[in-house]
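Reading through the structure tokens given below for one structure.
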Amino acid sequence: MYNEKGDHSIQVCFSPLSWPLFEKEDALVIVTDIFRATTAICAALHNKVKAIIPVETIRESEHWKAKGYVSAGERDGVTLHGADFGNSPFNFMAPALQGKTIAMNTTNGTRAIKMAAAGNNLVVIGAFSNLSAVCAYAVRIRKEIIILCAGWKDRFSMEDSLFAGAATEKIIELGAGAFHTVCDSAIASAGLWQQAKDDPLTYIEKAAHRHRLKRLGLDDILEYSLTRDSTNVVPILKGDRLVAADHR
Ligand code: MLT
């Protein structure tokens, strides 16, 4: 996996706390929060939701709701007070949401998206559900790549790191020599993915957020969230909102 050849680098940032060490101008940032924010965003745009506005504070959520937008989100897994629904990807699949714009506010995911958006980077959303599509997009764009794991309250997260490893492996494979990595966290996450890839559902039993969701009765999303390539949608940040990239 360690490879100095290839014009464009891949790095993995395991925690928003480390983001200042990785932040660049003009990179492609793939933000991931597998349980559940980025899986939910991909599900929403696949379901033809028009856009997702990532928000960080309760006040912002209230602002968008007062303007007539659908409001979604959670804190510590539990549906955000005043929101129309929580953060399960399944909530975003309702036909009634097609064409709507949703303001989404989550504990870690939307905060990481806002962080990545602060520079001059191109920001896209990655999940196992769009793994091949987002990696193919990254290869076509040919920029330096940083995979930003939303983690859990600034801590390392197993499921986000597994995605980072799967994406690093896939981009190097699809890039056919155009990408390299000398980043220890990219190499470590690819090693973790090697251990998990044959049976991610069993492997994820080790993950803290898997058990947090179980305690809350919200773990019906595990299999869906760990299944690869159920959509071709690549959510991309345009201004203050995420829309489906026109990439096909
Ligand atoms: C987050 O942003 O922290 C999450 O996606 C949490 C969740 O929905 O369980």
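All ligand and atom numbering here is 1-based and tracks the order in the structure.
Counting only distance, with no hydrogens or angles, the side chain of Asn108 and the backbone of Lys153 share a donor-acceptor pair below 3.5 Å. Distance alone, capped at 3.5 Å, is enough to place a donor-acceptor pair between the Asn3 side chain and the Lys5 backbone.
For ligand 1, none of its N or O atoms has an N or O atom of Gly77 under 3.5 Å away. Between Asn108 and ligand 1, at least one N/O pair is under 3.5 Å apart.
A ring-centre distance under 6.0 Å is found for Trp193 and Phe128.
Per-residue contacts place Thr106 under 4.0 angstrom from the following atoms of ligand 1 (heavy atoms of the residue considered): 1 (C), 2 (O). In the vicinity of Trp152, heavy-atom distances shorter than 4.0 Å reach the ligand 1 atoms 3 (O). The atoms of ligand 1 that sit less than 4.0 Å from any heavy atom of Phe35 are 4 (C), 5 (O), 6 (C), 7 (C), 9 (O). Remark: ligand 1 atoms within the under-4.0 Å shell around heavy atoms of Asn87 are 4 (C), 5 (O), 7 (C), 8 (O). The distance from ligand 1 to the heavy atoms of Ala37 drops below 4.0 Å at these ligand atoms: 2 (O), 5 (O).
For atom 7 (C) of ligand 1, the nearest non-hydrogen atom of the protein is Arg36 NE, 3.3 Å.
A salt bridge links Asp154 with Arg111: the closest approach of a Lys/Arg side-chain nitrogen to an acidic carboxylate oxygen falls below 4.0 angstrom.
At a 4.0 Å cut-off, at least one heavy atom of His209 sits close enough to ligand 1 to count as contact. Using 4.0 Å as the threshold, Leu213 has a heavy atom nearer than that to some atom of ligand 1.
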Distance-only check: which donor-acceptor pairs under 3.5 Å involve side-chain atoms of residues 89-100, not counting sequence neighbours?
residue: Asn91; atom: ND2; partner: Gly86; partner atom: O; Å: 3.4
residue: Gln98; atom: NE2; partner: Asn47; partner atom: OD1; Å: 3.0
residue: Lys100; atom: NZ; partner: Ala96; partner atom: O; Å: 3.3

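The list of salt bridge (Lys or Arg N to Asp or Glu O under 4.0 Å) pairs with a residue in residues 32-60, not counting sequence neighbours, reads Glu60-Lys114.
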